[in-house]
2 protein chains.
Amino acid sequence: MKLSVKSDYAARAVLWLSRHYQDGTARKVEEMGIAQGIPPKYLVQILIELKSKQIVKSVRGKEGGYLLARPPAEITLGDVIRAVEGEIFDSSAMTDPHCPTELRDGWRRVQRAVNEAADSLTFQQLLESSVEKEKMYYI
Amino acid sequence: MKLSVKSDYAARAVLWLSRHYQDGTARKVEEMGIAQGIPPKYLVQILIELKSKQIVKSVRGKEGGYLLARPPAEITLGDVIRAVEGEIFDSSAMTDPHCPTELRDGWRRVQRAVNEAADSLTFQQLLESSVEKEKMYYI
DNA sequence: GTCGCTTTTAACCGAGAGTTTCACGCGGCG
DNA sequence: CGCCGCGTGAAACTCTCGGTTAAAAGCGAC
């Protein structure tokens, strides 16, 4: 069970946009891609999916680019993952009739756990966790 | 993020062996495969991995087969998944230096959540959850 | 209007992992 | 010794992921 790079890329992009959320100005895909080590041509696809799920907005033309559709505090890690991947923690077991129901309940239980964990983590918190760390250095 | 069928198969196999744990007699892989809807030839490979992780034992020769290496109460869902897949919830983000540390901490957090969920679920509990359900019918 | 900059969309492709099957060697029980 | 079922490696097959290409279209400036 491994997380796709796509989800990681998406999260990086949103986190990066979160850092620039204050100024309310759009950022170009290319800039974002280079800054975060993401192939820009690939990043485009991801951003489009994020846009269709109302997580980011876009403006066209010169001085165009992307920006968050809502404040970082209202975007959770779960939102982003679900946007690019379907349901977090999918499994063929969920639909396979051969899978015993007891086991399916088990899978659902860990599924719920990962969902709760991902949904209780906003990008605002991620930002603050970084400044939290900087404070540590002052001690 | 999706669970491989392999993990599902492994869990089904262990659950099935758990049901027959009492009699302490070995069960053939063919029987198990057919009963659980798992390609027997594939199941063999899975069982070998489970055996190398001390989750099941095997006996050879006629009347040979597989049985649990320890009671169902001492086998967790996490044990089984880790046996056939490496670490549960792996991600390239964990090692990629381009991934911001704040985000990496986020990933680790959900990783911990899924690990705890999987480790706190023993096959004994899964078995009991099924009889639990039968009791529901008596109401 | 049109030129240059950007996003948007769809189609495409290579690589690699996951799944499944095959063939054959080996080990123990009767 | 002979049978039966585990043990193991490798071949074939499928499918998704990661990434690229190219064309279409919106927006602003001149």
Side-chain angles (χ1 to χ4, degrees), chain A residues 1-13 17 25-34 36-69 81 83-87 90-93 96 98-99, chain B residues 1-13 17 25-34 36-53 55-67 69 81 83-87 90-93 96 98-99:
Chain A
M1 184 163 68
K2 75 181 286 295
L3 186 76
S4 68
V5 259
K6 197 174 182 181
S7 300
D8 181 36
Y9 285 168
R12 282 190 216 176
L17 287 176
T25 133
R27 298 295 176 135
K28 314 187 185 185
V29 173
E30 180 119 2
E31 182 191 1
M32 189 174 355
I34 293 176
Q36 293 295 303
I38 306 172
K41 303 292 184 66
Y42 189 30
L43 182 53
V44 168
Q45 296 179 30
I46 299 174
L47 286 169
I48 290 180
E49 296 189 60
L50 288 176
K51 180 189 172 186
S52 78
K53 294 300 194 329
Q54 327 288 342
I55 295 179
V56 302
K57 285 186 299 186
S58 73
V59 324
R60 293 190 165 200
K62 196 169 168 81
E63 302 300 305
Y66 284 89
L67 63 165
L68 290 188
I81 301 179
V84 298
E85 228 138 338
E87 187 56 40
D90 186 15
S91 164
S92 52
D96 190 343
H98 283 295
C99 181
Chain B
M1 185 164 68
K2 73 182 288 296
L3 187 76
S4 68
V5 261
K6 196 175 183 180
S7 301
D8 181 35
Y9 286 168
R12 282 190 217 176
L17 287 176
T25 136
R27 298 297 176 132
K28 316 187 183 179
V29 41
E30 177 118 2
E31 180 191 4
M32 189 175 357
I34 293 177
Q36 292 296 303
I38 306 173
K41 305 291 183 65
Y42 189 29
L43 182 53
V44 170
Q45 302 178 32
I46 297 174
L47 286 169
I48 291 179
E49 297 189 59
L50 289 176
K51 179 186 172 187
S52 79
K53 295 300 194 331
I55 294 178
V56 302
K57 285 185 300 187
S58 74
V59 323
R60 291 192 167 204
K62 197 168 166 82
E63 302 300 306
Y66 283 90
L67 62 166
I81 301 180
V84 297
E85 227 135 343
E87 186 57 41
D90 185 16
S91 164
S92 52
D96 188 342
H98 283 295
C99 182

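As the structure is a prediction and not an experimental result, all values here were calculated from the model. Lettering follows sequence order; numbering is per chain, from 1.
As rounded to whole Å, 11 Å separates atom P of C:dT9 from atom CD of A:E49. Rounding to whole angstrom units, NZ of residue A:K51 and P of C:dT9 are separated by 6 Å. B:K28 has its NZ atom 8 Å from the P atom of D:dC6, to the nearest Å. In this structure, A:D90 places its CG atom 10 Å from P of D:dC17, rounding to the nearest Å. Atom CD in A:E85 sits roughly 13 Å away from atom P in D:dT16 (whole-Å rounding). Rounding to whole angstrom units, CG of residue B:L47 and P of C:dT20 are separated by 14 Å. The nearest whole Å value for the distance from the CG atom in B:L43 to the C1' atom in D:dG5 is 13 Å. Rounded to a whole Å, the NE2 atom of A:H98 is 16 Å from the P atom of C:dT19.
Here B:V44 lies in heavy-atom contact (under 4.0 Å) with a base.
With DNA chain D read from its 5' end, the first of the two nearest nucleotides for A:L3 and B:G65 is the one closest to B:G65.
The side-chain contact (heavy atoms from CB on, under 4.5 Å) search around A:K41 returns none, not counting sequence neighbours. For A:V84, the side-chain contact (heavy atoms from CB on, under 4.5 Å) partners two or more places apart in sequence, or in a different chain, are A:K6, A:S7, A:A10, A:I46, A:L50. Among residues two or more places apart in sequence or in another chain, the side-chain contact (heavy atoms from CB on, under 4.5 Å) test is passed with A:P39 by A:Y9, A:Y42. With sequence neighbours excluded, the residues that form a salt bridge (charged side-chain N to carboxylate O under 4.0 Å, His left out) with A:D96 are B:R12.
Summary of helix geometry: the two end axes of the helix from C:dT19-D:dA12 to C:dG30-D:dC1, each defined by five base pairs via their C1' atoms, are inclined to each other by 10° (rounded to 10°).
A distance of 13.0 Å separates CD1 in B:I55 from OH in B:Y66, rounded to the nearest 0.5 Å. Here the OG atom belonging to A:S92 is positioned 5.5 Å from the NZ atom belonging to B:K2, to the nearest 0.5 angstrom. Rounded to the nearest 0.5 angstrom, A:D8 CG and A:I38 CD1 are separated by 7.5 Å. The line from CG of A:L17 to CD of A:Q36 is 9.0 Å long, rounded to the nearest 0.5 Å. Summarising the geometry, atom CE belonging to A:M1 is positioned 9.5 Å from atom CD belonging to B:E87; distances are rounded to the nearest 0.5 Å.
For B:Y9, whose side chain is taken as the heavy atoms from C-beta onward, the closest listed nucleotide among C:dT9, C:dT20, D:dG18 is C:dT20. Relative to the side chain of B:Y66, the nucleotides D:dC6, C:dG18, D:dG18 differ in distance, and D:dC6 lies closest. In this structure, the nucleotide among C:dG18, C:dT21, C:dT8 sitting nearest to the side chain of B:P39 is C:dT21. Relative to the side chain of A:I48, the nucleotides C:dT8, C:dT7, D:dG18 differ in distance, and C:dT8 lies closest.
Atom CD of B:E30 sits in a sparse spot, with 12 or fewer heavy atoms from other residues, nucleotides or ligands closer than 6.0 Å.
Contact annotation: B:S58 reaches the phosphate of D:dG7 (side-chain N/O to OP1 or OP2, under 4.0 Å).
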Short heteroatom pairs, N/O only, protein and nucleotides 21-30 of chain D, under 3.5 Å:
{"from": "D:dG26", "atom 1": "O4'", "to": "A:R60", "atom 2": "NH1", "distance (Å)": "2.1"}
{"from": "D:dG26", "atom 1": "N2", "to": "A:G61", "atom 2": "N", "distance (Å)": "3.3"}

